[in-house]
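First up is the structure itself, then whatever we jot down about it.
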Amino acid sequence: MKDLTINSTPQKQYRPGTSLVITAIASTVALSVGFYMALIYAPEEALQGGAQRIFYLHVPALWVGALAFLVVFISSLGYLFSRNTIWDIIARSSAEMGVIFLTLGIVAGAIWARPIWGIWYSFDPRGTTTLVLWLTYVSYIMLRSIVGSGPRTSRLSAFLGIVGFINVPLVFMATRWWRTLHPAPTIVTSDSESGMPQEMFLAFLVCLGAFTIFYAFLMIYRVQLEQIVERVQTARSTLGLF
Amino acid sequence: MKKRAFGKDLPGLIQQTWLLLKKDALVELRSKESIPLMIVFCIVSLVIFNFTFDLRTSNVTLLAPGILWVSFIFSGLLGLGRSFTRETERETLAGIRLAPVDPAAIYLSKMLACFFSVTILQLLLTFLMVVFFDVNLAKPFVAVALPLGSLGFAAIGTPFAAMTMNTRAREALLPVLLLPVLLPLVLAVVSSTALAMDNVEWNEISLWIHFLIGYDVLFLTISFLGFQIIVEE
Amino acid sequence: MNNAIFAFIAYALLWAMLIAYIVILAKRQSEMRGQLDEIEHALTTQDTKQE
């Protein structure tokens, strides 16, 4: 009886760890500074006006989305090689985070595209690839929720996490070639990075960093939550044996 | 359970694959439920396409590559789902797994079974396209693009069908999981079919054909290696 | 150009989404902790009964 996992693990794990507190404070500060810089410090773009300020949100959100899926890919590989549940917990937490940040990035992009391009969405290589990435990981979460919990789910979703990630460059290549061989829509490209004033670039970098720290904070929080869920499930099944 | 050598024993692998393939063919010949179902579904969708596009375009030929591949993908998904559902319904896969069979042989046999059945579907589909839409599909590059597309579909479709076989809502889950992964394949085959129908030179179409070959090789490898992970107990 | 309203909508949406997500996570975490406490309590009482 004394050997039960829930009894043998120290009570300390319930309290928020130092890393959580540090990332919480760091992301609050960084996000505040980032948004100040994005909304006030950075100069107004001559052509796009206020809407250009969405850029400081749109790109970092998509960056974090992509980063989150890289983490899913790596931890899926980690799970398959080590069969350690922690990899699976990281993978599922990161997939959820990725969907949230990607949704944010896509929606922000659409809000930006409407006044600037005159359309909500463009199926250009970047737009399509982002959407496919989003779809892949929404289906990843659906698979997890439908199959339930257990090692089979972990294996299946690890496979999907790997295949889905490998698929992304293929989608990008295919859509780019598709556009070069078919008439491309006449759209002003958003490659304004080259001639960006230094203040804008600085604000952008700070936002990028802030979002990344924020992702780290959410990940730590989410992984802790999953560990608690995991222990509740273990405890439940142990109790069921009595 | 003892771990079996995965794809190590090559003659044994070929023999097992052949036996499993024969078993699948026999089951299909007796029940006649998978291929006829795909074919009838395919005809129905062609009829629907004919009417839905007829209203807005005077020349349906322009849409032929799209119609061909959309019908193919959806009919193929139907057959793909069946191939594993059949095994779970009769619990035959558990039997196969109890016998000393290399999981790689299960993958290869299922993949080849899928490839053969979608090839039958595709031959018929091509014929029907000619009959219904009066398009000329007798081009050399069409004959290259179609099998490459079928092979890619079977290669990556098989592990996904195995993934969803025991789950709730599998009929809906399979396309949701598989279609994002199939997107590059669909773009490549539709593009190459369209270019082939326009009688372009090899150097214009070679990009897509190479892409298709790369896609097929990549996903055959990943599926071959990953299938063990999916079916393992 | 007065299209700053689009930026405003985007930022408002960002905050609404992220705050909603954190609230959901926090709620779920406190709920799970409650369950874990309950189970541990049940286990300790069972332990004492057996003793």
Side-chain angles (χ1 to χ4, degrees), chain A residues 69 73 76-77 79-81 83 88 99 102 123 125 127-183, chain B residues 65 152 155-157 159-192 194-195 198 200 204-212 214-219 221-223 225-233:
Chain A
F69 294 135
F73 173 66
S76 294
L77 281 174
Y79 178 76
L80 289 182
F81 282 109
R83 299 299 163 112
D88 188 49
V99 168
L102 220 50
F123 278 93
T128 315
T129 311
T130 315
L131 199 58
V132 170
L133 190 63
W134 186 85
L135 278 170
T136 306
Y137 289 96
V138 168
S139 68
Y140 176 96
I141 291 171
M142 279 177 164
L143 174 76
R144 296 206 76 115
S145 75
I146 285 176
V147 184
S149 57
R152 183 173 142 85
T153 320
S154 311
R155 287 199 316 269
L156 297 188
S157 42
F159 180 73
L160 185 61
I162 292 165
V163 172
F165 190 79
I166 290 172
N167 188 41
V168 170
L170 297 180
V171 175
F172 188 77
M173 261 151 64
T175 39
R176 208 172 56 180
W177 291 341
W178 179 277
R179 287 299 174 206
T180 52
L181 294 170
H182 293 76
Chain B
I156 190 64
F160 276 78
M163 270 166 83
T164 51
M165 70 178 165
N166 283 323
T167 57
R168 289 182 286 126
R170 57 176 166 262
E171 295 84 3
L173 190 62
L174 176 61
V176 165
L177 296 181
L178 185 55
L179 285 174
V181 184
L182 280 180
L183 183 75
L185 179 87
V186 174
L187 291 184
V189 286
V190 171
S191 236
S192 43
L195 289 170
D198 292 344
V200 296
E204 271 188 73
I205 201 173
S206 65
L207 185 70
W208 288 116
I209 300 294
H210 287 144
F211 183 82
L212 277 174
Y215 183 96
D216 288 3
V217 170
L218 176 69
F219 280 117
T221 316
I222 294 176
S223 308
L225 297 174
F227 196 76
Q228 192 189 22
I229 297 158
I230 293 164
V231 293
E232 123 192 352
E233 290 301 319

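What's counted below: heavy atoms across the whole structure, side chains too, no hydrogens, waters or symmetry copies. A, B, ... follow the sequence lines: proteins, then strands. Residue 1 opens every chain.
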*asked:* Quick check on Ile166(A) against chain B: is it the side chain, the backbone, both or neither that has a heavy atom closer than 4.5 Å?
replied: side chain

*Using non-hydrogen atoms and a 4.5 Å limit, figure out which bit of Leu131(A) sits close to chain B: side chain, backbone, both or neither.*
neither

_Nearest heavy atoms of Thr136(A) and Pro180(B), plus distance in Å_ = OG1-CB, 3.6 Å

_Less than 4.5 Å to any heavy atom of chain A: does that hold for the side chain of Leu187(B), its backbone, both, or neither?_
both

_Report which part of Ser145(A) has an atom under 4.5 Å of a heavy atom belonging to chain B: side chain, backbone, both, or neither._
backbone

*Looking only at heavy atoms, what is the nearest atom pair of Met163(B) and Arg152(A), with distance?*
O-NH2, 3.1 Å

*Ile230(B), part contacting chain A, at a heavy-atom distance under 4.5 Å*: both

*asked:* Please give me the minimum heavy-atom distance between Ala174(A) and Pro184(B), naming the atom from each residue.
replied: CB-CA, 4.1 Å

*May I ask you to test the Val190(B)-Trp178(A) pair for a side-chain heavy-atom distance under 4.5 Å?*
yes

*Under a 4.5 Å heavy-atom cut-off, does chain A meet the side chain of Ile156(B), its backbone, both or neither?*
side chain

*Output the option from Val171(A), Ile146(A), Ile162(A), Leu135(A) having the highest count of non-hydrogen pairs under 4.5 Å with chain B.*
Ile146(A)

*Can you tell which of Val132(A), Val163(A), Thr128(A) has the highest number of heavy-atom pairs within less than 4.5 Å of chain B?*
Val163(A)

_Residue pair Ile229(B) / Arg155(A): nearest heavy atoms and the distance that separates them_ = O-NE, 2.6 Å

_Within the 4.5 Å heavy-atom criterion, are Leu170(A) and Leu218(B) side-chain neighbours or not?_
yes

*Nearest non-hydrogen partners of Phe160(B) and Leu160(A), listed with the distance*: CE2-CD1, 3.4 Å

